[in-house]
Amino acid sequence: MSEIVIRNIGIIIFILNLLVGWLIWSLKRATIPKNHFYTLESKVRELEIKLISMPVKDELHQLKETLARFQEKVDRIDKAVDRIGEYLRTRN
C-alpha cells in the first residue's frame with residue numbers, strides 16, 4: 001500500500017490541491033464581502049431604531065380613541081359656531 005502511495009504521490013498531491021482549492025473557492029462564494037456585510041448591518045440597525053420608535057397596537061388603539069373624542073368635541077364646537085352664526089344672521 002505504501003509503495004502505491006509513494007509511486008503516485010504527485011497525483012495524490014494534485015488531487016489534494018484540487019480539493020483544497022475547491023473548498024476555498026466554495027467558502028469564498030458562500031460568504032459575503034466585509035463591506036457589504038457592514039452596509040447591511042448598518043441598515044438593519046437603522047431599521048431597529050425606527051421600529052423602536054413606532055407605536056405598538058395598544059398605543060394605536062389609544063390614539064384612535066383619543067382622536068374619536070377629539071372629533072366629538074370638534075363636532076360640538078362646529079355646531080355651536082353654526083348656532084352662533086345663525087343667531088347673528090337672523091338678529092339683524
Side-chain angles (χ1 to χ4, degrees):
M1 174 81 173
S2 62
E3 290 177 18
I4 296 173
V5 171
I6 292 173
R7 270 190 271 151
N8 298 315
I9 192 76
I11 295 172
I12 293 172
I13 291 174
F14 177 74
I15 292 172
L16 287 175
N17 283 334
L18 283 177
L19 286 174
V20 168
W22 174 80
L23 180 65
I24 291 171
W25 177 80
S26 63
L27 286 175
K28 194 167 189 167
R29 287 195 66 215
T31 60
I32 60 172
K34 283 184 181 180
N35 61 348
H36 187 66
F37 172 78
Y38 291 129
T39 302
L40 290 176
E41 183 182 34
S42 66
K43 288 181 180 182
V44 167
R45 286 185 184 180
E46 288 176 20
L47 286 174
E48 287 175 340
I49 291 169
K50 288 179 182 179
L51 285 175
I52 288 172
S53 64
M54 291 185 70
V56 292
K57 184 178 177 181
D58 293 338
E59 293 171 333
L60 288 174
H61 183 68
Q62 289 173 352
L63 180 61
K64 184 178 177 182
E65 289 176 350
T66 303
L67 287 175
R69 287 193 302 272
F70 180 73
Q71 184 63 46
E72 289 172 5
K73 290 179 181 181
V74 169
D75 290 343
R76 281 188 261 151
I77 292 171
D78 188 41
K79 288 179 185 178
V81 169
D82 284 344
R83 280 186 265 143
I84 292 170
E86 185 66 30
Y87 170 75
L88 292 175
R89 280 192 294 273
T90 59
R91 186 174 154 235
N92 290 334

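Positions are given from 1 along the sequence. The figures here come from the full heavy-atom set of this structure, side chains too, leaving out hydrogens, waters and symmetry mates.
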Note: with side-chain heavy atoms under 4.5 Å as the link, the other cluster members for L51 come out as M54

The side-chain contact (heavy atoms from CB on, under 4.5 Å) partners of L60 (sequence neighbours excluded) come to P55

Under 4.5 Å side-chain linkage, directly or through intermediates, the cluster mates of I52 | none

When Ile, Leu, Val, Met, Phe, Trp and Tyr are grouped by side-chain heavy atoms lying under 4.5 Å apart, directly or through other members, which residues fall in the same group as L47?
-> none

Distance-only check: which donor-acceptor pairs under 3.5 Å involve side-chain atoms of residues 7-21, not counting sequence neighbours?
| residue | atom | partner | partner atom | Å |
| --- | --- | --- | --- | --- |
| N8 | ND2 | I4 | O | 3.2 |
| N17 | ND2 | I13 | O | 3.4 |

Residues that R45 engages under salt bridge (Lys or Arg N to Asp or Glu O under 4.0 Å), provided they are two or more places apart = E41

With sequence neighbours left out, the residues meeting side chain to side chain donor-acceptor pair (under 3.5 Å) with E46 are none

Taking ILVMFWY side chains as joined if any heavy atoms are under 4.5 angstrom apart, and letting links pass through other members, which residues group with F70?
-> V74

Does any pair with a residue in residues 48-64 pass side chain to side chain donor-acceptor pair (under 3.5 Å), and if so which ones, sequence neighbours excluded?
-> H61-E65

Scan the side chains in residues 76-86 for donor-acceptor partners under 3.5 Å anywhere in the protein, sequence neighbours excluded, and list what turns up.
| residue | atom | partner | partner atom | Å |
| --- | --- | --- | --- | --- |
| E86 | OE1 | R89 | NH2 | 3.3 |

Excluding sequence neighbours, so at least two apart, what forms side chain to side chain donor-acceptor pair (under 3.5 Å) with D75?
-> Q71

